[in-house]
Trainee: 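A single structure is presented below for examination.
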Amino acid sequence: MGERRKGNPSKGEQKKASNGQNENLGQWGRAWEVDWFSLAGVIFLLMFAPLIVYYFVMSCDQYQCSLTAPILDIYTGKAKLSDIWDKTPLITWKAVYIYAVWVSFQVFLYVFIPDVCHKFLPGYAGGVQDGSRTPAGIINKYEVNGLQAWIITHILWVANAYYFHWFSPTIIIDNWIPLLWCANILGYAVSTFVLIKAYLFPTIAADCKFTGNFFYNYMMGIEFNPRIGKWFDFKLFFNGRPGIIAWTLINLSYAAKQQELYGQITNSMILVNVLQAIYVVDFFWNESWYLKTIDICHDHFGWYLGWGDCVWLPYLYTLQGLYLVYNPVQLSTPAAVGILLFGLIGYYIFRMTNHQKDLFRRTNGNCKIWGQKPKYIECSYTSGDGRRHYSKLMISGFWGVARHFNYTGDLMGSLSYCLVCGFDHLLPYFYIIYMTILLVHRCIRDEHRCSSKYGKDWKLYTDAVSYRLIPGVF
């Protein structure tokens, strides 16, 4: 998306943001008004993102994951678009049943099974947790039970594979394209529902933002935290469940398919499963920390998150495993060890950077980072209810190396997933290309918001920590 410009809040919000604080209120969160560049980006994604997902999955299903072969076939007249579409599996009642059971089961685990893992897992923060303060000054409470849901789901999956045999472990990939249509239906249905809900019965009206542009409202969302009842939070549920819990199950299904087709599971498939499982488990172990990230703290809930979490995430974040089903790669031992170490180092940087930030926040700076008391810059901001709040921005540890060094570690991990696939095709590398664009864009928009939120204090911070991702480069 393009840079989000400052806009004007509604009259009701203007009254709340007294004493010249309208500018801060308008800037915190997503845009109040939309420039033409942002609108063009929104329309482009609404039109082409679903086609991109379809093209990638179709390329594997019909062309051994070659991204150029379908285009060349059409260009040379060997195939027509209608030929490709005719070979594409359509939605089936079996896929509808599988997907409905899957989503319903995750809703059940999220809403009706309170977390107990925090009672016996040292260091795990689950159960009822506070979120960050919203622009309207509200602090929502969340039932954090994602790790528990992940554990229960995977215990049942393994029990089925080795004991019950209710369904084949390859059930996901065997129905992969029909499930794609089901995921699209849910993604669009949820996005449309929250748009209507924002107009008719918003959860917190003061946290809604209306730009006056239907396409931008639909994609980027109007409500900040749409909810049904006290605990079903759309943003937390769809960001973590069903997509991220499914991520590791999808990879296991790929591995089972590789075993079925070739009689073995390659070390590259094992690496993909291990490295991505580390990321997924880390996400759920730190789900309470996730409540403080940009997805929860700044993004409104619309098509961008609703459809993206249902379709984009499970289908494009798992491309490496899908590629290895059609193109098995057996790495040399040095290559496998090197990629594993590279991925683990990236994970260490990602996790320790976030741990330092979390420790600093929990102790209000009364801790030690790299053996020393951390340095910080004190900032202030005003919320929508007119109250003034104070924050501390740490400039020690990894946060003194670069302003988003956690993203640097994340990108190293993302690259390691791709490297296991070798260099014969571009498709597995879509993930690192996409993540680089996503995280660089996130750096820029996050800093734009922080600059608007903190004003001159943010300038002091950027002067102290000069680089965003790579010291001396960017």
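Since the structure is predicted, the reported quantities are computational estimates derived from the model, not experimental observations.
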Trainee: Of all heavy-atom pairs between Cys65 and Leu322, which one has the smallest distance, and what is that distance?
Mentor: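 Closest heavy-atom pair between Cys65 and Leu322: SG-O, 4.4 Å.
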Trainee: Can you confirm whether or not the ring centre of Tyr290 sits under 6.0 Å from the ring centre of Phe283?
Mentor: yes
Trainee: Is it true that a side-chain atom of Ser253 and a backbone atom of Ile250 form a donor plus acceptor pair closer than 3.5 Å?
Mentor: no
Trainee: Relative to Phe224, does Lys235 satisfy both conditions: NZ or CZ under 6.0 angstrom from the six-membered ring centre, and within 45 degrees of the ring's axis?
Mentor: yes
Trainee: For Val111, is there any backbone N or O sitting under 3.5 Å from a side-chain donor or acceptor partner on Glu143?
Mentor: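 Checking the backbone N and O of Val111 against the side chain of Glu143, no donor-acceptor pair under 3.5 Å is found.
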Trainee: Could you tell me which non-hydrogen atom of Ser416 sits nearest to which non-hydrogen atom of Leu275, and how far apart they are?
Mentor: OG-CD1, 3.6 Å
Trainee: What orientation do Tyr279 and Phe350 show, parallel under 30°, tilted 30 to 60°, or perpendicular over 60°?
Mentor: tilted
Trainee: Parallel, tilted or perpendicular: which one describes the rings of Phe108 and Phe112, with boundaries at 30° and 60°?
Mentor: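 Rings of Phe108 and Phe112: tilted, as their planes differ by 30° to 60°.
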Trainee: Please check if the side chain of Thr462 supplies one atom and the backbone of Lys459 the other of a donor-acceptor pair under 3.5 Å.
Mentor: yes
Trainee: Is there a side-chain contact between Ser268 and Val272, using heavy atoms and a 4.5 Å cut-off?
Mentor: no
Trainee: Are Tyr434 and Trp312 an aromatic pair by the rule of ring centers under 6.0 Å?
Mentor: yes
Trainee: Aromatic rings Phe238 and Phe301: how do their planes relate, parallel, tilted or perpendicular, breaks at 30° and 60°?
Mentor: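 Rings of Phe238 and Phe301: tilted, as their planes differ by 30° to 60°.
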Trainee: Under 6.0 Å from the ring centre and within 45 degrees of the ring axis: does the NZ or CZ of Arg361 meet both conditions for the six-membered ring of Trp399?
Mentor: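 No - Arg361 does not lie over the ring of Trp399 by the 6.0 Å and 45° rule.
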Trainee: State the CG-CG distance between Leu291 and Asn286, to the nearest 0.5 angstrom.
Mentor: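 Here the interatomic distance stands at 11.0 Å.
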Trainee: So, Gln62 side chain and Ile84 main chain: donor-acceptor pair closer than 3.5 Å or not?
Mentor: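 Yes; judged by distance alone, with no hydrogens or angles, the pair exists.
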Trainee: If only atom types and distance count, is the side chain of Asn327 paired as donor or acceptor with the main-chain N or O of Gln64 below 3.5 Å?
Mentor: yes
Trainee: For the aromatic rings, using the six-membered ring if either is Trp, is the centroid distance between Trp231 and Tyr110 under 6.0 Å?
Mentor: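 So the answer is no for these two rings.
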Trainee: Between the side chains of Tyr54 and Thr88, does any donor sit under 3.5 Å from an acceptor?
Mentor: yes
Trainee: Does the plane of the ring in Trp157 sit parallel, tilted or perpendicular to the ring in Phe167? Use 30° and 60° as the thresholds.
Mentor: tilted
Trainee: For Tyr199 together with Phe210, are the ring centres under 6.0 Å from each other?
Mentor: yes
Trainee: Distance under 6.0 Å and angle within 45° of the ring axis: does Arg227 meet both against Tyr142?
Mentor: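 Satisfied, under 6.0 Å and within 45°.
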Trainee: With rounding to the nearest 0.5 angstrom, report the CD to SG distance, Glu447 to Cys450.
Mentor: 7.5 Å
Trainee: Can you check whether Ile185 reaches Ile91 side chain to side chain, under 4.5 Å on heavy atoms?
Mentor: yes
Trainee: Taking C-beta and beyond as the side chain, do Glu287 and Leu236 meet within less than 4.5 Å on heavy atoms?
Mentor: yes
Trainee: Check this for me: Phe342, atom CZ, are more than 12 non-hydrogen atoms of other residues, nucleotides or ligands nearer than 6.0 Å?
Mentor: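 More than 12 within 6.0 Å, yes.
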Trainee: Assess, by modelled atom type and distance only, whether the side chains of Tyr218 and Thr192 contain a donor and an acceptor separated by less than 3.5 Å.
Mentor: yes
Trainee: When you measure from the side chain of Trp181 to the backbone N and O of Pro89, does any donor-acceptor pair fall under 3.5 Å?
Mentor: yes
Trainee: Look at Asp86 together with Lys80 and state whether they make a salt bridge at an N to O cut-off of under 4.0 Å.
Mentor: no
Trainee: Identify the heavy atoms of Tyr429 and Gly422 that sit nearest to each other, and give their distance.
Mentor: OH-O, 2.8 Å
Trainee: Is there a side-chain contact between Ile245 and Phe284 (heavy atoms, below 4.5 Å)?
Mentor: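 The answer is yes; the side chains approach within 4.5 Å.
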Trainee: Would the number of heavy atoms belonging to other residues, nucleotides or ligands and lying under 6.0 Å from OH of Tyr467 be above 12?
Mentor: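 Atom OH in Tyr467 is not crowded, with 12 or fewer foreign heavy atoms closer than 6.0 Å.
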Trainee: Looking only at the aromatic ring of each residue, does the gap between the centers of Tyr461 and Trp458 stay below 6.0 angstrom?
Mentor: yes
Trainee: Counting heavy atoms not belonging to Tyr97, are there more than 12 under 6.0 Å from its OH?
Mentor: no
Trainee: Does a donor on one side chain sit under 3.5 Å from an acceptor on the other, for Gln106 and Thr153?
Mentor: yes
Trainee: Between His425 and Tyr323, what is the ring plane arrangement, given parallel below 30°, perpendicular above 60°, and tilted in between?
Mentor: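 Rings of His425 and Tyr323: perpendicular, as their planes differ by over 60°.
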Trainee: Quick one: does Asn145's side chain have a donor or acceptor within less than 3.5 Å of a partner on Pro114's backbone?
Mentor: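 Looks like no, no N/O pair under 3.5 Å.
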Trainee: Measuring only between side-chain heavy atoms, which start at C-beta, is Leu45 closer than 4.5 Å to Met219?
Mentor: yes
Trainee: Side chains of His298 and Arg445: closer than 4.5 Å at any heavy-atom pair?
Mentor: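 No - every pair of side-chain heavy atoms lies 4.5 Å or more apart.
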Trainee: Can you tell if the side chain of Asn140 reaches within under 4.5 Å of the side chain of Ile204, non-hydrogen atoms only?
Mentor: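 Yes. Closest side-chain heavy atoms under 4.5 Å.
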Trainee: How far does CD1 of Ile296 sit from NZ of Lys292, to the nearest 0.5 angstrom?
Mentor: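 Rounded to the nearest 0.5 Å, the CD1-NZ separation comes out at 11.0 Å.
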Trainee: If you measure only the distance, is there a donor-acceptor pair under 3.5 Å linking the side chains of Tyr304 and Asp299?
Mentor: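 On atom types as modelled, these side chains do not qualify, holding no pair under 3.5 Å.
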Trainee: Would you confirm whether His300, through its side chain, and Ile222, through its main-chain N or O, come within 3.5 Å as a donor-acceptor pair?
Mentor: yes
Trainee: Tell me if a side-chain donor or acceptor on Tyr431 pairs with a main-chain N or O of Gln320 at a distance below 3.5 Å.
Mentor: no
Trainee: If you measure only the distance, is there a donor-acceptor pair under 3.5 Å linking the side chains of Asp358 and Asn354?
Mentor: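 No pair is found: no donor N or O on one side chain lies under 3.5 Å from an acceptor on the other.
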Trainee: Under 6.0 Å from the CZ atom of Phe201, do we count more than 12 heavy atoms belonging to anything else shown?
Mentor: yes
Trainee: Restricting to non-hydrogen atoms, name the atom on Leu179 and the atom on Ile172 that form the minimum distance, rounded to 0.1 Å.
Mentor: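 Reported closest heavy-atom pair: CD1-O, 3.8 Å.
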Trainee: Could you report the tightest heavy-atom contact between Thr248 and Ala277, atom names first, then the distance?
Mentor: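 In terms of heavy atoms, the two residues are closest at CG2-CA, 3.7 Å.
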Trainee: Does some side-chain heavy atom of Tyr254 sit less than 4.5 Å from a side-chain heavy atom of Leu324?
Mentor: no
